[in-house]
Amino acid sequence: MALVQSLPKSNLSMVALKQCRTFFSILKSRTLVYVFVLAALGTFFVDSGTKIPDIFVLAKLSISVYFLALATYLYNDLTDYDVDSVNDRRTVSSTRSYYYQILYHTLGFFIVSVLLAFSINMQTGISSLGFLALAILYSHKRTHLKDRFVWKTVVTAAGGSIAAFMGFFASNAFSYLGLVSPVIAFMFWFTLGPLGDVNDIAGDKASGRRTFPIVLGVNNTFKLMHSVIFSLMLLISSLYYLNLINVVGMILSLTACISVSFVIMRVSKNYQEKKVVKQTRTILRYSLFLIQIMFIVGTVVTNV
């Protein structure tokens, strides 16, 4: 009798354990979403300056941006389910048994992230809705901007910029330097897009996609990336002349940009090596956060 009574609890525990495993497998499936969190947190600290941050706001901001970015990637996988099944490509939603679980988690992540963003303030909440709208436009079968030339890169860059804007609005300081951080985030993500496309030329040509390397050519694509970094250097120099950062912050930020240019130059000679391209994209992602740190250094020293 006791064994019969214990079965429901045992089954319930097994279900709970299975749900936990599914949840953590989803979290591990897309580690790149941390970069969006770094963009938001970096902008938050840049905008806050010397002001002591609210730890609860930081926590809500981090979770909100993380779930937004994670749900965006998951939603993209869901819309590619049929294609991935035909190509035998394994994604987190590539098996029918997991499809609906991923769908429910994706909806839950979107809802929780938006609610957390609105709990910070209205501006952060509206920004989260903008991120959500871009996620739908990027992957939905009717719009499918990820397969459209230029739009794919612009929308991805805009997503990184909106994540930074969420950090800007969450800090509630509204400094000029904080407002520049989302612009820099856009420029970095705009550079990341073509770099990823360079490594997928053969597949993109076979599927009829139009990307920067296909339309402009590989050499011109790398020139475009260098021009974006050069524009970023001009922007940083103007911040110094506007007294928004000090000379130390400017020199450190420009040094980071020059280092990025050398990294892009190196990968341009080995762009057919997937490992090299992957490493370079990782460096570029964290270079944004490095420049934000340089801004913080420049701001703190200026205000001392």
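Any value given below was found using the heavy atoms of this structure, including those in side chains, with hydrogens, waters and symmetry copies removed.
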Should [X] and [Y] be counted in the same cluster of Ile, Leu, Val, Met, Phe, Trp and Tyr side chains packed under 4.5 Å apart?
X	Y	result
V180	L242	yes
Y176	L234	no
I258	I236	yes
V155	F165	no
L195	W151	yes

Counting only heavy atoms not in Y240, do more than 12 fall under 6.0 Å of its OH?
-> no
Decide side chain to side chain donor-acceptor pair (under 3.5 Å) for D47 and S171; before the verdict, give the C-alpha distance in whole Å, the side-chain angles of both, and the deciding distance to 0.1 Å.
-> CA-CA 7 Å; D47 193 52; S171 71; 2.2 Å; yes
When you measure from the side chain of [X] to the backbone N and O of [Y], does any donor-acceptor pair fall under 3.5 Å?
X	Y	value
S48	K51	no
S161	P182	yes
S181	L177	no
R210	V150	no

Is [Y] close to [X] at the side-chain level, that is, under 4.5 Å between some pair of heavy atoms?
X	Y	value
T280	V276	yes
F45	I293	no
L103	Y100	yes
F131	V65	no
K152	Y138	yes
M166	L61	yes
L134	I162	yes

Looking at [X] and [Y], what are the two nearest heavy atoms and their distance?
X	Y	answer
L58	P53	CD1-CB, 3.9 Å
G160	A185	O-CB, 3.9 Å
M294	S253	CB-OG, 3.2 Å
A170	V57	O-CG1, 3.8 Å
A39	L288	CB-CD2, 4.0 Å
F188	S287	CE2-CB, 3.7 Å

Aromatic rings F109 and F67: how do their planes relate, parallel, tilted or perpendicular, breaks at 30° and 60°?
->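 Rings of F109 and F67: parallel, as their planes differ by under 30°.
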Do the rings of F212 and F190 sit parallel, tilted or perpendicular, given the 30° and 60° boundaries?
-> perpendicular
Look up atom [atom1] in [X] and atom [atom2] in [Y], then write down how far apart they are to the nearest 0.5 Å.
X	Y	atom1	atom2	value
L192	T282	CG	OG1	9.0 Å
Q292	F44	CD	CZ	13.0 Å
L254	I229	CG	CD1	12.0 Å
L129	T124	CG	OG1	11.0 Å
K223	F230	NZ	CZ	15.5 Å
F110	S128	CZ	OG	10.5 Å

List the steps, then state whether ring pair (Phe, Tyr, Trp, His ring centres under 6.0 Å) holds for F36 with Y66.
-> CA-CA 7 Å; F36 290 89; Y66 177 81; over 10 Å; no
Step by step, would you call I120 with F169 a side chain to side chain contact (heavy atoms under 4.5 Å, CB included)?
-> CA-CA 9 Å; I120 297 174; F169 289 125; over 6 Å; no
When you look at L232 and I291, which way does the side chain to side chain contact (heavy atoms under 4.5 Å, CB included) test go after all the steps?
-> CA-CA 11 Å; L232 177 56; I291 290 180; 4.0 Å; yes
Walk me through it: do T221 and D197 pass the test side chain to side chain contact (heavy atoms under 4.5 Å, CB included)?
-> CA-CA 10 Å; T221 298; D197 293 333; over 6 Å; no
Evaluate the side chain to side chain contact (heavy atoms under 4.5 Å, CB included) criterion for residues H144 and K146: first the C-alpha distance (whole Å), next the side-chain angles of each, then the deciding distance (0.1 Å), finally the verdict.
-> CA-CA 5 Å; H144 230 244; K146 63 182 177 181; 3.4 Å; yes
